[in-house]
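Residue numbers start from 1 in every chain, and the chains themselves are labelled A, B, ... in the order their sequence lines are given, proteins ahead of strands. These figures come from a predicted structure and were not determined experimentally.
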Number of protein chains: 2
Amino acid sequence: MSRSASIKDVANHAQVAVGTVSNVLNYPDRVSQRTKDRVLQAIDELGFVRNDAARQLRAGHSRTIGLIVLDVGNPFFTSVVRAAEDAAALQGSAVLLGDSGHDAGRESNYIDLFQEQRVQGLLISPVGDVTDRLDVLRERGVPTVLVDRLADEAQYSSVSVDDDAGGYLAARHLLDLGRRRLAFVGGPTSIRQVADRLQGAQRAVAEVPDASLEVLDSAGQTVLAGRSVGDQLVRRSPDQLPDGVFCANDLLALGVMQSLAMMHKLRIPEDIALIGYDDIDFAVSAVVPLSSIRQPTEALGRTAIELLAEELDTPDSAQPRHRAVIFTPELVVRQSTAGV
Amino acid sequence: MSRSASIKDVANHAQVAVGTVSNVLNYPDRVSQRTKDRVLQAIDELGFVRNDAARQLRAGHSRTIGLIVLDVGNPFFTSVVRAAEDAAALQGSAVLLGDSGHDAGRESNYIDLFQEQRVQGLLISPVGDVTDRLDVLRERGVPTVLVDRLADEAQYSSVSVDDDAGGYLAARHLLDLGRRRLAFVGGPTSIRQVADRLQGAQRAVAEVPDASLEVLDSAGQTVLAGRSVGDQLVRRSPDQLPDGVFCANDLLALGVMQSLAMMHKLRIPEDIALIGYDDIDFAVSAVVPLSSIRQPTEALGRTAIELLAEELDTPDSAQPRHRAVIFTPELVVRQSTAGV
DNA sequence: CCGAATCATTGAATCGTTTCATTAGTACGA
DNA sequence: TCGTACTAATGAAACGATTCAATGATTCGG
């Protein structure tokens, strides 16, 4: 239960000055081999571990980056988080992770915490309106990068995915298969992601003369919501049926698939080609493996860290440059839209 | 880009001593109302935020708890994490989350990091053999609680779930439905969880004279592995079929269900009653909603924090008492084992 | 062999907070 | 009026690492 060893203990034990121990740790080149060996041995014998609090007190800032996501349970964010952690580790920083759970209160608490911790910078996928708080942080030299949200480039850097392009990709793919009577299944269009994906799909359909796109509003973004849409489809007469269905996310698509599979009147992809969005793990192992749109989550996480690093490298004097990086998602073709 | 205000700046601005500002923050009762008001106003005007590094340097330890999980993407751990965060917040601590991803190297890095951060204590779901490192931590007054792993009570506290009891529950439930020809589907029994669940199931079966349990080894713990087991079942002649199937996790069960559903020769639950383990989100929204065994993840996370707090409250002089808390899982009945 | 240049090492000052012994101020009873 | 008891406020010391100007040691060219 002994208090852990400090740099001073190491110095005594190795018969050198504290400054020398510090140099061994931070600027090994400045120290002769002999002393370095002695110091390293002392460190080993005492089991010395740097006290990060003291270090960052002196430095004025920590070596950590705050990251606040909407929901760690969501595979999209899980993947972003992991990529961000790895990218941060490469540049010698650690990531403090906060899960706001779509709750503005929790979000605000994490901002407080991270501010007390004097994080170098902040990555955030915001819930509430946090611009005021972020402005304060910026004034204090703590840059922010918005994640999965397009930002005013004059104010912040940001990384996001082009949902319109994703919607276009999905619809275009169905059209390329020769399908013409398309349907879009998606929750309330008040959700930006849903609206953008729909818009992209409409753009693709507009390019093909005899193609049409019907919008089927779903109650939510869940498997069950998808199943109830699917149940409605199954009841239609054959000439009223779409031949290609694009769902705003994979859960909806799996629901639709379940519904069709249970009735086993309509075949996927022969009668209806089906595509989802997000490429969740379950997409591969669905009864009929589900085509989907994959978002470059690793690139998102990595780039967010890089943009932050750019701002941190900007000398205090210079005006920081912000950048908004927009990624294009990727089409993943599986059996649910296989050519027939 | 101004350096952020320190307690000294606040003291000057409010015309008081630094100690007084500190008292306002930590012991408001010791300060008169008048001064308190002046100080709080100064804090507000300067936008002062405590520097946690300085605080913990003085205190000798931080107000954070390290938590290392095997996989944040796994809903089991996601839920444990969230519960632990909430419980920690109640006692004024924050949780630093590390995801080892089943990698002993990453695990070790996180232990290093947390040690530098001087965390109060550590919760860990270990990958490798970390007992040596945990021993060092304990010597330094940093207690550890093992999560989802039963530990030698003389050494550590731990929280875990009784997988044997879970297996018993599942099999017992099938037996209670009148099923007698049971099958267990599970990955390599070298995985402790799998072995324990099987053992519990065997215990239940042994209690019923004319009941039998067949073990079907699956390649892994995935939907696809489950499907291939299901495919084998479907090919059997009716008199060779089990009438109750217990899968070591929900993914396997969903795979088996898919396989049976696709062939639509065998009905669930009429011909085969099916139960999984873990109660993942997808269990509810399966084609036939899946019965499962739910693990008390919130209780795990909360209790882990509480056990840690117990050890932290133990005075340095006293011998710390360790406790191993074992939770019993819970049966969730859905349509896949509905009475017929 | 001397002075200059280079290299290695030293140790005091510093970061921002908390703690605590000390001082100042106030109220009250005798 | 004095002493006591209490409350409020003070400010220096301490935590542990880093930094940097100063010092000491060594090498090298002339």
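- In the 5' to 3' direction, nucleotides of DNA chain C lying under 4.0 Å from heavy atoms of chain A begin and end at C/dA8 to C/dG16.
- Remark: A/E116 pairs with B/R63 by the salt bridge (charged side-chain N to carboxylate O under 4.0 Å, His left out) rule, at least two apart or across chains.
- Rotation axes derived from the C1' atoms of the five outermost pairs at either end of the helix from C/dC1-D/dG30 to C/dA30-D/dT1 lie 50° apart, to the nearest 10°.
- Applying the salt bridge (charged side-chain N to carboxylate O under 4.0 Å, His left out) test to A/D162 and every residue at least two apart in sequence or in another chain returns nothing.
- At least one side-chain heavy atom of B/N26 sits under 4.5 Å from a side-chain heavy atom of B/R55.
- Dashed line: the shortest gap from a side-chain N or O of B/S32 to OP1 or OP2 of D/dA9 is under 4.0 Å.
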Please list, one pair per line, the donor and acceptor atoms closer than 3.5 Å that link side chains of residues 298-308 of chain B to other protein atoms, with sequence neighbours excluded.
unit_1 : atom_1 : unit_2 : atom_2 : d
B/T303 : OG1    : B/A299 : O      : 2.6

Reading nucleotides 23-28 of chain D from the 5' end, what letters show protein touch, with B for base, S for backbone sugar-phosphate only, - for no heavy atom under 4.0 Å?
-> ------
For nucleotides 14-21 of chain D, read 5' to 3', which letter fits each nucleotide if B means a protein heavy atom sits under 4.0 Å from the base, S means only the sugar-phosphate is that close, and - means neither?
-> BBBBBB--
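- Rounded to an integer number of Å, the gap from B/K36 NZ to D/dA8 C1' is 12 Å.
- A/H322 and A/E311 form a side-chain donor-acceptor contact under 3.5 Å, judged by distance and modelled atom types alone.
- Sorted by first then second residue, the ring-ring contact (aromatic ring centres under 6.0 Å, His included) pairs that include residues 63-105 of chain A, not counting sequence neighbours, number zero.
- Seen from the ring of A/Y156, A/R138 counts as a face-on cation partner, given the 6.0 Å and 45° thresholds.
- Applying the side-chain hydrogen bond (donor to acceptor under 3.5 Å, both in side chains) test to B/S160 and every residue at least two apart in sequence or in another chain returns nothing.
- For residues 65-84 of chain B, the set of pairs meeting the side chain to side chain donor-acceptor pair (under 3.5 Å) definition, not counting sequence neighbours, comprises A/D71-B/R82, A/R82-B/D71, A/D99-B/R82, B/S79-B/T297.
- For the side chain to side chain contact (heavy atoms under 4.5 Å, CB included) test with B/R133, the passing option among B/I124, B/L122, B/D112 is B/D112; the others fail.
- Side-chain contact annotation: A/Q41 with A/D37, donor-acceptor N/O pair under 3.5 Å absent.
- With sequence neighbours excluded, the residues forming a ring-ring contact (aromatic ring centres under 6.0 Å, His included) with A/F114 are A/Y110, listed by chain and number.
- Every residue was checked against the salt bridge (charged side-chain N to carboxylate O under 4.0 Å, His left out) condition with B/D281, not counting sequence neighbours, and none meets it.
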